[in-house]
Amino acid sequence: MANGSLASQNSCASCNSAWTFSKSFNARQLTRLAGFDIIWTSNLLDHLLVQDEDEKLKVHVFHHVKVLENHLTIKNSIISPELILETMDTLALMIPRTDRRVRKWYRQLQRPYVLDPSVLSLEYLRSEDRRIDHFVFWGGRLRKLKRAFDDHEPHGPLQWWRDDRKPVQWWTFWIAALVLALTIIFGFIQSVTAILQLMKS
């Protein structure tokens, strides 16, 4: 079914360069840092599909772990075991159960969006399983998602404060902001002091 079409997205040799997803790359950070809307889908074919509509980034996430686990028990299932296991790995990547803040974020969304709680029972990915070449079926979409995430520039002070993807750039921005703030404060103090001295003279 979808197995072949998904795998064909990663057919180019240059696409399988050995780089690793950092721990900061997860669904919660996509929403906080890059302003993504998460579309919780029941269609496996839409999983990790990135859309850019009206300058708003969206990513679809298939969250039905129980459905995937049930397919693993079905003989001659229309979904291959390899695709099922890799899909579960993408969910473990995007919604890591070991991250307390991600767990809290996901649980807050469970009731309004009727999300599968089994997502938080998935095994934590080992470092070697976070490499792009581990993802045969979903690598193309993950690569596009990661590129959109990395290319997004923060908008406003709140996103700048949250964004720790580029530490050097983060420190440079906030040091410059601090210098500017101090310059304004000291300039204001000097102006007030000069006015008071003139009033006394």
Side-chain angles (χ1 to χ4, degrees), residues 1-53 56-72 74 77-99 102-103 105-106 115-116 118-153 163-166:
M1 187 180 110
N3 304 0
S5 61
L6 288 170
S8 66
Q9 296 178 11
N10 292 327
S11 57
C12 67
S14 62
C15 290
N16 290 324
S17 56
W19 50 271
T20 304
F21 292 102
S22 68
K23 293 180 181 180
S24 64
F25 180 73
N26 59 60
R28 176 176 174 269
Q29 294 291 68
L30 288 175
T31 63
R32 292 177 74 251
L33 302 184
F36 271 85
D37 279 342
I38 306 291
I39 309 298
W40 303 102
T41 181
S42 298
N43 186 349
L44 181 59
L45 291 175
D46 287 340
H47 185 54
L48 299 178
L49 180 65
V50 175
Q51 295 177 309
D52 188 354
E53 299 177 352
K56 183 67 175 179
L57 288 167
K58 301 177 182 178
V59 60
H60 296 250
V61 177
F62 180 87
H63 60 97
H64 298 286
V65 171
K66 278 295 182 186
V67 172
L68 296 173
E69 290 175 341
N70 288 337
H71 271 280
L72 281 176
I74 299 174
S77 170
I78 58 173
I79 309 175
S80 72
E82 293 81 10
L83 175 56
I84 292 172
L85 293 173
E86 186 175 313
T87 304
M88 292 163 71
D89 280 351
T90 64
L91 288 171
L93 175 72
M94 299 299 296
I95 310 170
R97 69 175 189 178
T98 53
D99 189 315
V102 173
R103 288 199 311 270
W105 170 81
Y106 186 79
L115 302 181
D116 190 343
S118 300
V119 169
L120 296 178
S121 66
L122 293 171
E123 291 294 326
Y124 179 72
L125 286 186
R126 300 169 301 175
S127 58
E128 58 266 32
D129 293 335
R130 302 179 70 88
R131 291 161 54 104
I132 187 62
D133 52 10
H134 171 71
F135 299 96
V136 177
F137 299 100
W138 301 113
R141 290 186 179 181
L142 280 172
R143 191 177 294 106
K144 183 177 180 180
L145 178 60
K146 182 67 163 59
R147 189 178 298 117
F149 178 66
D150 289 343
D151 289 347
H152 175 80
E153 292 297 331
D163 193 355
D164 58 355
R165 291 170 297 172
K166 303 172 183 177

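The first residue in the sequence is number 1, and the count goes up from there.
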Practice prompt. Can you sort out the partners of Glu128 under side chain to side chain contact (heavy atoms under 4.5 Å, CB included), two or more places apart, ordered by chain and number?
Written response: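 For Glu128, the residues satisfying side chain to side chain contact (heavy atoms under 4.5 Å, CB included) (neighbours in sequence not counted) are Arg126.
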Discussion item. According to side chain to side chain contact (heavy atoms under 4.5 Å, CB included), who are the partners of Asp52, at least two apart in sequence or on a separate chain?
Written reply: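 Per chain and number, Asp52 pairs via side chain to side chain contact (heavy atoms under 4.5 Å, CB included) with Leu57.
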Practice prompt. Could you walk me through whether Lys146 and Asp150 pass salt bridge (charged side-chain N to carboxylate O under 4.0 Å, His left out), step by step?
Written response: CA-CA 6 Å; Lys146 182 67 163 59; Asp150 289 343; 2.7 Å; yes
Report the distance from atom [atom1] of [X] to atom [atom2] of [Y], rounding to the nearest 0.5 Å.
X: Ser77; Y: Leu72; atom1: OG; atom2: CG; answer: 8.0 Å
X: Leu33; Y: Ser24; atom1: CG; atom2: OG; answer: 8.0 Å
X: Leu115; Y: Leu120; atom1: CG; atom2: CG; answer: 9.5 Å
X: Ile74; Y: Glu69; atom1: CD1; atom2: CD; answer: 12.5 Å

Does any part of the side chain of [Y], heavy atoms only, come nearer than 4.5 Å to the side chain of [X], both counted from C-beta?
X: Phe62; Y: Leu48; value: no
X: Phe21; Y: Ile132; value: yes
X: Trp105; Y: Asp99; value: no
X: Thr41; Y: Val61; value: no
X: Leu44; Y: Val67; value: no
X: Gln51; Y: His60; value: yes

Discussion item. Going by salt bridge (charged side-chain N to carboxylate O under 4.0 Å, His left out), name the residues that satisfy it together with Glu82, two or more places apart in sequence or in a different chain.
Written reply: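 Salt bridge (charged side-chain N to carboxylate O under 4.0 Å, His left out) list for Glu82, sorted by chain: empty.
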Discussion item. Taking ring pair (Phe, Tyr, Trp, His ring centres under 6.0 Å) as the definition, give me every residue that meets it alongside His71, ordered by chain and number, with sequence neighbours left out.
Written reply: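 Not a single residue meets the ring pair (Phe, Tyr, Trp, His ring centres under 6.0 Å) criterion with His71.
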Worksheet item: Taking only residues two or more places apart in sequence or in another chain, which ones pass ring pair (Phe, Tyr, Trp, His ring centres under 6.0 Å) with Phe36?
Response: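 For Phe36, no residue satisfies ring pair (Phe, Tyr, Trp, His ring centres under 6.0 Å) once neighbours in sequence are set aside.
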Please name the pair of heavy atoms, one in [X] and one in [Y], separated by the smallest distance, quoted to 0.1 Å.
X: Lys58; Y: Ile39; value: CB-CG1, 4.2 Å
X: Phe25; Y: Leu142; value: CE2-CD2, 4.4 Å
X: Asp116; Y: Tyr106; value: O-OH, 2.7 Å
X: His64; Y: Ser42; value: NE2-OG, 2.9 Å
X: Asp37; Y: Lys56; value: OD2-CE, 3.2 Å
X: Ser80; Y: Phe137; value: OG-CZ, 4.3 Å

Can you give me every donor-acceptor pair (side chain of residues 89-98, partner residue at least two apart or in another chain, under 3.5 Å) with its distance?
{"unit_1": "Asp89", "atom_1": "OD2", "unit_2": "His134", "atom_2": "NE2", "d": "2.8"}
{"unit_1": "Thr90", "atom_1": "OG1", "unit_2": "His47", "atom_2": "NE2", "d": "2.8"}
{"unit_1": "Thr90", "atom_1": "OG1", "unit_2": "Thr87", "atom_2": "O", "d": "2.5"}
{"unit_1": "Arg97", "atom_1": "NE", "unit_2": "Leu122", "atom_2": "O", "d": "3.4"}
{"unit_1": "Arg97", "atom_1": "NH1", "unit_2": "Ser121", "atom_2": "O", "d": "3.4"}

Discussion item. Quick one, Phe149 with Gln29, criterion side chain to side chain contact (heavy atoms under 4.5 Å, CB included). Give me CA distance, side-chain angles, the key distance, then yes/no.
Written reply: CA-CA 9 Å; Phe149 178 66; Gln29 294 291 68; 4.3 Å; yes
